[in-house]
Amino acid sequence: MNETLRLHYLEAMGIESWYSKNASKIETPTENRTPCHQVAPMQPPLAKPEPLAQPILTINDNWSQLEQDVRSCQKCELYPTRKQTVFGTGNITADWLFIGEAPNETEDLQGIPFVDNAGLLFTEMMRAMNLTRDEIFMTNILKCRPPNSRDPHVNELNQCHDYLKRQHALIKPKIIVAVGRVAAQKLLKTHEPLSKLRGVVHTFDQTPLIVVYHPAYLLRSLSQKRAAWQDLQLALKTYQQLPH
C-alpha cells in the first residue's frame, strides 16, 4: 500500500497517523517525540513470576502437525459455525509473538488474524515499532469465531489453550504481546481489568509478556492512543533489555 492511500484510509477511519505526512520519522503522541530506537526511560514494576510450567507438546510435535490439528479441531461447540479456523500468520521463528482475543467475522472469512480496520491500525502500530507483519507472528487465544463475535466462553478458551501453548513452544519467541483484555486475562490467569495489567512486565511460560490495548478498542477510543504508545514503548524497552 502506498503512503498516500494508507493515509487516506487512516483519515477516513478518523485515526491520526502514527507517521508524519512530511517526514519519515515516527511521531509519538507527545510533544517531545522519541524515536523508537531511543525509547524514553521507564521503570515498570515487575509482576510476580508465575510458577514454571512445561510447554504442552505432543510427541514429535511440529508446525505442520499443529496446523492440521487446529484445522480439524472439533473439541468445542464453535466448530459447526466457523467458516474456517484462524491459526495465525507471520514468521514462525519470530522474536515477537502477538496474541489477540478471538477471530471476528472478517478474520473468520479470511482465516487471518488482525484484518479489517482494526488490522490496518495494528499494522500502523507495528510500523511505529519498526516492525512489519512478516517479522512477527500473530495469532489469537481462540482459533474459531464465537457466534456474533461474543466473548469466548471458559470451556472454549480451555479447549484452545493447548494449541497456543504448542505454538509458543515451537516459535520460542523472546517476547509476547497480549492484545486486548480477553487475551491478557486468559494468558495471565486473572480477572484483573486491563487498566491494572498494563504498564507491567508479566511472564507466560518464562517469556516476558506486555499487555496492550486491542486496536479495535482504540478505534472506538482514540483518546487512548497516548496510553497505547506508552504500551508499545514498554514492549520495546523490555525487548531491548533481553539478551540477544
Side-chain angles (χ1 to χ4, degrees), residues 18-19 25-26 28 34-44 46-47 49-50 52-57 61-67 70 86-101 112-115 118-141 143 161-180 183-184 186-188 197-215 228-244:
W18 292 89
Y19 280 81
K25 292 184 179 180
I26 296 165
T28 72
T34 305
C36 283
H37 62 279
Q38 295 178 352
V39 177
M42 300 179 69
Q43 297 298 328
L46 291 176
E50 64 179 18
L52 299 182
Q54 294 298 320
I56 299 175
L57 291 174
D61 201 17
N62 62 73
W63 200 254
S64 295
Q65 181 62 54
L66 178 53
E67 284 189 287
V70 170
V86 182
F87 179 76
T89 186
N91 185 345
I92 64 173
T93 61
D95 286 350
W96 292 82
L97 174 59
F98 286 78
I99 304 174
E101 301 182 350
I112 302 172
F114 297 105
V115 291
L120 180 59
L121 180 54
F122 178 81
T123 301
E124 288 301 301
M125 294 165 69
M126 296 305 95
R127 290 183 64 177
M129 300 172 72
N130 284 337
L131 294 170
T132 69
R133 292 173 69 110
D134 292 334
E135 294 176 295
I136 66 174
F137 193 85
M138 303 158 284
T139 189
N140 291 313
I141 56 172
K143 310 306 183 190
H161 192 60
D162 285 2
Y163 296 137
L164 182 61
K165 298 268 285 188
R166 289 168 64 187
Q167 284 180 315
H168 174 255
L170 290 168
I171 296 170
K172 298 180 177 63
K174 293 183 182 295
I175 188 168
I176 297 172
V177 179
V179 185
K186 177 59 180 176
L187 292 170
L188 298 175
L197 299 177
R198 293 179 51 253
V200 179
V201 180
H202 306 274
T203 59
F204 175 80
D205 283 358
Q206 305 177 60
T207 303
L209 182 150
I210 305 298
V211 175
V212 304
Y213 285 119
H214 198 284
W229 176 245
Q230 293 172 348
D231 294 338
L232 300 185
Q233 284 185 304
L234 175 57
L236 284 166
K237 180 179 176 62
T238 303
Y239 175 75
Q240 291 165 357
Q241 291 179 338
L242 296 172
H244 291 280

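Nothing here was measured: the structure is a model prediction, and the numbers come from that model.
Within the 4.5 Å cutoff, the side chain of Asn91 has no heavy atoms near those of the Trp96 side chain. Within the 4.5 Å cutoff, side-chain heavy atoms of Val179 are placed close to those of Pro215.
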(request) Could you walk me through whether Thr123 and Phe114 pass the side-chain contact (heavy atoms from CB on, under 4.5 Å) test, one step at a time? (result) CA-CA 8 Å; Thr123 301; Phe114 297 105; over 6 Å; no
(message) Test side-chain contact (heavy atoms from CB on, under 4.5 Å) on Thr89 and Met138; report intermediate values, then the result.
(response) CA-CA 6 Å; Thr89 186; Met138 303 158 284; 3.4 Å; yes
(message) Test side-chain contact (heavy atoms from CB on, under 4.5 Å) on Asn130 and Leu236; report intermediate values, then the result.
(response) CA-CA 10 Å; Asn130 284 337; Leu236 284 166; over 6 Å; no
(request) Go through Lys143 and Gln167 one step at a time and tell me if the side-chain contact (heavy atoms from CB on, under 4.5 Å) criterion holds. (result) CA-CA 12 Å; Lys143 310 306 183 190; Gln167 284 180 315; 2.7 Å; yes
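Partners of Arg198 under the salt bridge (charged side-chain N to carboxylate O under 4.0 Å, His left out) rule, at least two apart in sequence or in another chain, are Asp231.
Rounding to the nearest 0.5 Å gives a distance of 14.0 Å between CG of Leu66 and NZ of Lys165. Here the CG atom belonging to Asp95 is positioned 11.5 Å from the CD1 atom belonging to Ile136, to the nearest 0.5 angstrom. With values rounded to the nearest 0.5 angstrom, Leu209 atom CG is found 6.0 Å from Leu187 atom CG. In this structure, NE2 on His244 lies 6.0 Å from NZ on Lys174, to the nearest 0.5 angstrom. Taking NZ of Lys237 as the start and CG of Leu232 as the end, the distance is 15.0 Å to the nearest 0.5 Å. Atom CZ of Phe204 sits about 5.0 Å away from atom CG of Leu164, to the nearest 0.5 Å.
Between the side chain of Thr139 and the main chain of Phe87, a donor-acceptor pair closer than 3.5 Å is present. The main-chain N or O of Asn62 is never found under 3.5 Å from a side-chain atom of Gln65 such that the two would form a donor-acceptor pair. Between the side chain of His202 and the main chain of Leu197, a donor-acceptor pair closer than 3.5 Å is present.
A donor atom on one side chain and an acceptor atom on the other are not found under 3.5 Å apart for Asp205 and Thr207.
Taking all atoms of both residues into account, the shortest heavy-atom contact from Ala235 to Met129 is CB-CE, 4.1 Å. In plain terms, the two heavy atoms of Ile112 and Arg133 that are nearest each other are CG2-NH2, 4.2 Å. For the residue pair Val200 and Ile210, the shortest heavy atom distance occurs at O-CD1, 4.0 Å. A pairwise comparison of heavy atoms in Ala94 and Phe137 identifies CB-N, 3.8 Å as the closest pair. Considering every non-hydrogen atom in both Val201 and Pro208, the closest pair reads CG1-CB, 4.3 Å. In this structure, Ala183 and Gly100 approach most closely via the heavy-atom pair CB-O, 3.4 Å.
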